[in-house]
Amino acid sequence: MKILRSHLLGKWSAGVGDSFALLHDPTTEDPLAKVSSAGIDFRAAIEHARSKGGSALRELSFAQRGELLIAMSKAIHEHRKELLELSMKNCGTTRKDSKFDIDGATGTLYHYGALGKELGDGYVLPDGPGEQLGRSSIFWGRHGRVSRDGVAIHINAFNFPAWGFAEKAAAAILAGMPVITKPATSTCLVTERCIETVVEADCVPEGVLGLICGSVADLFDHLHGQDVVAFTGSARTALRIRSHENLLARSTSVNIEADSLNAAFLAPDVQPESEVWNLFIKEVCREITQKSGQKCTAVRRIFVPQEQLATVEEAMCEELSGRVTGSPFADKTNVGPLATADQLSSVLEGVTKLREVADLVHGSGERVDGVGAEPGKGYFFAPTLLRAREAGGSDLIHDLEVFGPVSTICPFDGEAPTAACLNSKGDGSLVTSVYSDSDQWTSDFLRRCGSWSGRFYLASEKMASQAPGSGVALPSSLHGGPGRAGGGEELGGIRALELYSQRIALQGSRRAVERFIGD
Ligand code: NAP
């Protein structure tokens with residue numbers, strides 16, 4: 001069986017001892033590989049990344065770091081076919097869903113590479129204009145952002161083993177920080193191969209990109225105030241990381257991307273069979289089923305005006321009944337298995353709880369056999385739609401994230417203030433989508449709840465022909481959200497570099513200030 005390795009201190013190494021975790025093929029349940037990080041000297045690994053990788057990166061301008069990112073993107077893209085197959089095997093994602101992850105990774109690296117070229121030959125990000133601080137312009141001031149003199153530790157969730165690593169690494173490397181990335185153990189086969197392609201292509205200096213396969217063990221004990229931790233995963237793990245004693249004591253920056261009960265609203269102006277109506281049905285169903293619902297941006301709560309409830313339900317059931325759950329290698333499949341046995345148990349348990357307050361309108365709420373898979377094997381769960389018994393949905397619907405192809409329709413009175421209140425009941429989310437051609441309704445809604453989501457996707461007839469769907473985290477738009485969603489921020493173009501840089505106020509002669517930050 002393949003033994004996965006970490007890449008630290010400029011070399012590959014497997015864990016020692018016998019405490020290996022197993023990775024499984026979610027379609028067959030066969031073991032695929034084993035992994036452990038036992039025996040790795042994390043203190044030395046961090047020091048090596050800071051001193052070797054960090055020093056090398058800070059010698060490079062934004063444009064040169066951008067070139068590194070483009071080289072990384074190309075190195076991974078050259079192995080696209082192999083990576084797609086690996087993703088289908090390790091994550092259970094269909095070919096299309098695997099592309100979402102792998103192409104998302106290379107596209108995001110490329111995007112930040114191009115951004116580096118735009119930023120040019122500088123090393124400092126100007127932050128606002130220069131200002132006269134004294135009686136005359138002899139005493140001048142300006143703010144700027146400089147690379148942090150530490151290492152960026154990236155901890156990722158199981159659902160995006162390629163994109164998750166790439167979207168964080170792109171921002172950190174462009175900002176001038178070396179990265180040690182730690183994918184979720186269950187799907188780290190894909191990340192390991194991505195990093196291997198970059199190492200084989202020899203396209204980044206030693207120490208710039210490290211990989212931990214397995215647990216982080218005592219790593220956090222060795223971090224200091226110039227380091228950064230960026231985490232994506234469950235709120236439970238987030239809390240443990242946020243409250244880590246050493247991270248608190250050293251004021252290490254921690255960015256959290258956690259759970260999210262994303263909402264989609266159908267506004268009352270949208271009539272059945274209109275373009276926006278059809279977009280709503282198509283996109284919300286895709287959000288439920290893409291990556292088998294294992295997407296942080298997936299729609300979990302669907303709000304529709306009471307008088308449209310029956311028609312929406314019928315249209316969504318019809319759309320969902322065209323989805324085939326099965327092996328990602330079977331031709332007809334468009335919904336793969338869940339990634340792990342634990343995921344399946346957690347989804348089954350979650351749906352059982354939701355059924356206390358909502359009725360099933362599509363799906364059985366049980367594990368199913370997958371098309372093209374051995375009966376009784378595989379972590380299959382078919383798309384499932386529920387209808388809330390209470391108008392607006394009871395508290396549980398606003399509180400329980402079932403991380404699978406599961407969503408709940410909730411009727412409401414169609415009023416924008418009610419919709420705003422329902423959106424905020426999710427206690428902070430990554431993305432909220434609004435389907436409406438009424439700018440008035442949309443702005444009444446946004447005015448009341450604009451601070452409760454990190455991103456708002458406003459679907460209308462005007463943009464329908466280019467609509468990507470609410471679940472796509474575009475590199476140029478912010479990804480993150482308040483409250484339950486973790487309070488973090490990633491992506492958003494150049495904004496992503498803020499986490500990895502220190503804002504400084506420079507005060508001095510105008511010449512000295514402008515020489516360092518620019519004019
Ligand atoms: P998870 O169990 O919290 O694991 C996330 C990562 O944390 C994994 O790499 C895991 O490693 C690691 N980890 C676990 N315990 C740790 C500890 N004590 N110290 C340091 N790292 C630790 O989450 P998951 O099951 O992979 O992901 C599902 C959750 O992530 C869902 O709730 C979803 O909402 C959320 N998510 C959010 C976003 C977003 O952008 N907001 C994106 C994707 C997913 P091991 O695998 O080795 O345990």
Side-chain angles (χ1 to χ4, degrees), residues 7 10 49 52-84 86-87 98-125 145 147-148 151-152 154 156 160-181 183 190-211 230 468 472-479 490-501:
H7 187 74
K52 274 243 164 207
S55 311
L57 272 181
R58 283 190 300 276
E59 286 300 309
L60 303 179
S61 66
F62 288 118
Q64 289 168 320
R65 292 174 206 155
E67 282 167 21
L68 297 187
L69 296 177
I70 289 175
M72 284 170 66
S73 170
K74 287 182 177 163
I76 297 170
H77 186 73
E78 270 177 30
H79 297 269
R80 180 174 187 262
K81 190 165 175 273
E82 178 199 347
L83 285 165
L84 290 178
L86 211 51
S87 169
S98 300
K99 285 180 192 168
F100 194 50
D101 185 33
I102 307 293
D103 294 345
T106 50
T108 305
L109 286 167
Y110 199 92
H111 181 94
Y112 275 90
L115 206 56
K117 288 190 170 175
E118 270 174 42
L119 290 173
D121 295 331
Y123 303 82
V124 186
L125 281 175
R145 302 196 73 101
S147 317
R148 288 184 191 271
V151 58
H154 291 166
N156 282 310
F160 281 99
W163 177 81
F165 125 70
E167 57 99 16
K168 286 185 172 65
I173 291 174
L174 186 56
M177 281 192 86
V179 167
I180 294 180
T181 192
V190 176
T191 323
E192 194 224 31
R193 187 64 189 125
C194 286
I195 305 291
E196 207 172 36
T197 64
V198 173
V199 173
E200 282 167 3
D202 198 18
C203 56
V204 292
E206 186 181 317
V208 166
L209 184 60
L211 167 74
V472 183
L474 297 167
S476 47
S477 294
L478 200 69
H479 176 63
E490 288 180 343
L491 300 176
I494 203 170
R495 293 171 190 83
L497 276 60
E498 292 201 2
L499 178 64
Y500 303 103
S501 54

Counterpart residues, salt bridge (Lys or Arg N to Asp or Glu O under 4.0 Å), relative to [X] (two or more places apart):
X: Glu82; result: Arg193
X: Arg58; result: Asp149
X: Glu490; result: Lys168

Just jot down the ring-ring contact (aromatic ring centres under 6.0 Å, His included) partners of [X], sequence neighbours excluded, or say none.
X: His7; value: Trp12
X: Phe160; value: Phe100, Trp163
X: Phe62; value: none

By side chain to side chain donor-acceptor pair (under 3.5 Å) - contacts of Thr197 (at least two apart): none

Listed partners of Ser73 passing side chain to side chain donor-acceptor pair (under 3.5 Å), at least two apart: none

Looking at [X] and [Y], what are the two nearest heavy atoms and their distance?
X: Tyr500; Y: Ala152; value: CE2-CB, 3.7 Å
X: Pro178; Y: Ala49; value: CG-O, 3.3 Å
X: Leu115; Y: Gly493; value: CD2-C, 3.7 Å
X: Ala175; Y: Ser147; value: O-OG, 2.7 Å
X: Leu491; Y: Leu474; value: CD1-O, 4.0 Å
X: Ala473; Y: His479; value: CB-ND1, 4.0 Å

Between Val198 and Cys203, does the side-chain contact (heavy atoms from CB on, under 4.5 Å) criterion hold? Intermediate values first, please. CA-CA 6 Å; Val198 173; Cys203 56; 3.8 Å; yes

Could you check Arg80 against Asp103 for side-chain contact (heavy atoms from CB on, under 4.5 Å), going step by step and ending with a plain yes or no? CA-CA 8 Å; Arg80 180 174 187 262; Asp103 294 345; 2.7 Å; yes

Verify, without hydrogens or angle tests, whether [X] (side chain) and [Y] (backbone) share a donor-acceptor contact under 3.5 angstrom.
X: Tyr110; Y: Met72; result: no
X: Thr191; Y: Pro161; result: yes
X: Thr181; Y: Leu211; result: no

Calculate, to the nearest 0.5 Å, the distance between atoms [atom1] and [atom2] belonging to [X] and [Y] respectively.
X: Leu119; Y: Ile494; atom1: CG; atom2: CD1; answer: 4.5 Å
X: Ile76; Y: Leu83; atom1: CD1; atom2: CG; answer: 7.5 Å
X: Glu206; Y: Lys52; atom1: CD; atom2: NZ; answer: 4.5 Å

Counterpart residues, side-chain contact (heavy atoms from CB on, under 4.5 Å), relative to [X] (two or more places apart):
X: Ala162; answer: Asp101, Ile102, Ala105, Val190, Cys194
X: Gln64; answer: Leu60, Ser61
X: Lys117; answer: Glu67, Ile70
X: Asp202; answer: none

Counting only heavy atoms from other residues, nucleotides and ligands, does the tally under 6.0 Å from NE2 of His77 exceed 12? no

With a 4.5 Å limit on heavy-atom distance, are the side chains of Ile173 and Leu57 in contact? yes

Is Phe165 close to Pro183 at the side-chain level, that is, under 4.5 Å between some pair of heavy atoms? no

